[in-house]
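A short worksheet on the structure shown next.
Naming: A, B, ... by sequence-line order, numbering from 1 per chain. A quick note: this is a predicted structure, and the numbers were derived from the prediction, not measured. Values reported hereafter were calculated over all heavy atoms of this structure, with side chains retained and with hydrogens, waters and symmetry mates removed.
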Protein chains: 2
Amino acid sequence: MTDPTQVPLARLMAMGLRSLVDALHERLERRGLEVKPVYAFVLLASRERPLTVNDVAELLGFTKQAASKLAEVMEREDYLLRRPHPQDARAKLLHLAPRGQRALRAAEDIYVELEAEWAEVIGKRRLEALRSDLNAVLRATHGGNLPPIRPTW
Amino acid sequence: MTDPTQVPLARLMAMGLRSLVDALHERLERRGLEVKPVYAFVLLASRERPLTVNDVAELLGFTKQAASKLAEVMEREDYLLRRPHPQDARAKLLHLAPRGQRALRAAEDIYVELEAEWAEVIGKRRLEALRSDLNAVLRATHGGNLPPIRPTW
DNA sequence: GAATATGGTCAACTAGATTGACCAATAGCC
DNA sequence: GGCTATTGGTCAATCTAGTTGACCATATTC
């Protein structure tokens with residue numbers, strides 16, 4: 001059975017998140033990039049294609065108003081560029097601006113570093129297992145989708 | 001090498017956390033316990049011995065003022081009981097009040113359920129691996145200790 | 001026993017979210 | 001076609017969970 005005095009699973013997740021986010025942003029800052037944690041999630045999710053404001057709201061798990069504000073700030077700070085959606089005149093696509101591109105590449109670099117450091121402790125195989133297991137569990141418990149990022153606190 | 005288009009590790013952690021916290025609190029609420037996520041972490045950490053206000057601050061990763069406020073609210077809502085520390089007249093020990101005891105037991109029950117559900121997807125062995133791998137990585141990257149719980153956002 | 005550090009609280013403030021009202025454009029439907 | 005409902009986005013006001021800063025009482029150090 002599960003030992004009830006173990007560290008709770010949610011706490012492990014929380015600490016893992018905290019640890020990764022802190023390390024990422026420490027190293028981003030050393031490269032002169034002072035982005036807030038939430039920026040990095042948005043940039044990383046914009047790799048394949050530009051997101052809409054609503055995509056951001058869903059991704060992060062907050063209201064579209066809050067997502068709209070965030071997009072505005074990130075545009076003002078030159079991470080994003082709001083441009084009209086070619087197919088839908090209501091929507092806007094959040095393209096990566098030059099600084100956003102740079103921050104994204106830096107974040108990707110740093111993730112490679114961080115994952116290497118994790119692999120040094122538990123090994124490459126176990127790290128990949130961790131990744132794929134989490135993916136599997138999350139999709140299984142959320143009808144094939146991924147849940148929002150922001151923790152309910 | 002690491003596929004750069006994969007879901008970022010921090011995002012997996014964030015979603016895992018979110019998923020567990022949401023599920024826990026949904027089920028706590030169904031049992032008539034309307035606690036905030038942060039309460040559960042404090043209660044679970046109080047299992048072995050009562051914490052001080054400063055312990056709570058360290059555990060969660062915020063200021064002692066904020067921890068003090070939290071303790072006050074949790075006392076007012078009958079989850080905790082602030083009592084003088086027998087060895088140190090400055091400090092207070094946060095004992096579990098009756099409702100806190102109940103909430104703690106409920107949370108433990110629900111964690112058993114949730115972990116069983118995760119195990120259904122990835123298996124018991126992999127779940128234990130996940131737990132021990134996270135533990136190992138966190139301790140290794142934090143000088144043997146565990147980092148705070150609250151994500152920097 | 002003086003100086004410093006630690007545990008805790010009070011008060012004022014702030015950042016980052018929320019709710020609610022609203023407009024413009026699209027989609028569904030008869 | 002044209003009416004209605006839905007969707008994408010923003011503005012404004014508000015709320016809340018945290019912060020910073022000042023402070024007191026007790027412990028610790030030398």
Rounded to whole Å, the CG-C1' distance (B:Leu70 to D:dG18) equals 11 Å
Do any side-chain atoms of residues 12-20 of chain A form donor-acceptor pairs under 3.5 angstrom with protein atoms, and if so which ones, sequence neighbours left out?
{"from": "A:Arg18", "atom 1": "NE", "to": "A:Asp22", "atom 2": "OD2", "distance (Å)": "3.0"}
{"from": "A:Arg18", "atom 1": "NH1", "to": "B:Arg150", "atom 2": "O", "distance (Å)": "2.5"}

Across all chains, not counting sequence neighbours, the side-chain hydrogen bond (donor to acceptor under 3.5 Å, both in side chains) partners of A:Glu29 are none
Expected list for residues 49-57 of chain B near DNA chain C, using heavy atoms below 4.0 Å, is B:Thr52, B:Val53, B:Asn54
Taken to the nearest whole Å, CZ/A:Arg76 to P/C:dG16 is 12 Å
Atom CG of A:Leu80 and atom C1' of D:dG9 are separated, to the nearest Å, by 16 Å
By side-chain hydrogen bond (donor to acceptor under 3.5 Å, both in side chains), B:Arg76 pairs with (sequence neighbours left out) B:Glu72
query = When you check the phosphate oxygens OP1 and OP2 of D:dG9, does a side-chain N or O of A:Ser68 lie under 4.0 Å from one of them?
reply = no
To the nearest 10 degrees, the angle between the two end axes of the helix from C:dG1-D:dC30 to C:dC30-D:dG1 (five pairs per end) comes to 40°
Phosphate OP1/OP2 of C:dA17: any B:Trp153 side-chain N/O under 4.0 Å = yes
For nucleotides 19-29 of chain D, 5' to 3', base contacts (B), sugar-phosphate-only contacts (S) and non-contacts (-) with protein non-hydrogen atoms under 4.0 Å give BBBB--BBS--
Would you say B:Leu43 and B:Leu80 make side-chain contact, with heavy atoms under 4.5 Å? yes
May I ask you to say whether A:Glu26 pairs ionically with A:Arg30, meaning some side-chain N is under 4.0 Å from a carboxylate O? yes
Exercise. More than 12 heavy atoms of other residues, nucleotides or ligands under 6.0 Å from CD of B:Glu117: is that the case?
Worked result: yes
The side-chain hydrogen bond (donor to acceptor under 3.5 Å, both in side chains) partners of B:Arg125 (sequence neighbours excluded) come to none
OP1, OP2 of C:dT9 versus side-chain N and O of B:Lys92: anything below 4.0 Å?
-> yes
Applied to residues 55-70 of chain A, the side-chain hydrogen bond (donor to acceptor under 3.5 Å, both in side chains) test, sequence neighbours excluded, yields A:Thr52-A:Asp55
- Could you tell me whether the side chain of A:Arg90 and the main chain of A:His85 form a donor-acceptor pair under 3.5 Å? no
query: Are A:Leu96 and A:Leu93 in one and the same hydrophobic cluster, where Ile, Leu, Val, Met, Phe, Trp and Tyr link if side-chain heavy atoms are under 4.5 Å apart?
result: no
TODO: Treat each ILVMFWY residue as a node, draw an edge where side-chain heavy atoms are under 4.5 Å apart, and state whether A:Leu81 and A:Val73 are in one component.
DONE: no
Within residues 15-27 of chain A, those residues having any heavy atom closer than 4.0 Å to DNA chain D are none
Separation of D:dG18 atom C1' from B:Glu72 atom CD, nearest Å, is 15 Å
Q) Should A:Arg82 be listed as having a side-chain N or O under 4.0 Å from OP1 or OP2 of D:dG8? A) no
Here the distance between atom C1' of D:dG8 and atom CZ of A:Arg83, to the nearest Å, is 18 Å
Residue set satisfying side-chain hydrogen bond (donor to acceptor under 3.5 Å, both in side chains) with B:Arg83, at least two apart, ordered chain then number -> none
Looking only at heavy atoms, the pair that brings A:Val53 and A:Leu94 closest together is N-CD1, 4.1 Å
From CE of A:Met74 across to P of C:dA15 the rounded distance in Å is 19 Å
Listing time: all N or O pairs from protein to nucleotides 2-4 of chain D that are below 3.5 Å?
none

Notebook entry, point to check: Between A:Glu113 and A:Arg31, is a salt bridge (charged side-chain N to carboxylate O under 4.0 Å, His left out) present by the stated rule, with each step listed?
Noted result: CA-CA 14 Å; A:Glu113 285 175 30; A:Arg31 301 188 186 199; 3.6 Å; yes
Can you list the steps and then say if B:His25 with A:Thr152 is a side-chain contact (heavy atoms from CB on, under 4.5 Å)?
CA-CA 10 Å; B:His25 288 80; A:Thr152 37; over 6 Å; no
List the atom pairs, with distances to 0.1 Å, where a side-chain N or O of residues 98-106 of chain B and a protein N or O form a donor-acceptor pair under 3.5 Å, not counting sequence neighbours.
{"from": "B:Arg99", "atom 1": "NH1", "to": "B:Glu77", "atom 2": "O", "distance (Å)": "2.8"}
{"from": "B:Arg99", "atom 1": "NH2", "to": "B:Tyr79", "atom 2": "OH", "distance (Å)": "3.1"}

Whichever of B:Leu93 and A:Lys36 has the more 5' nearest nucleotide on DNA chain C, that residue is B:Leu93
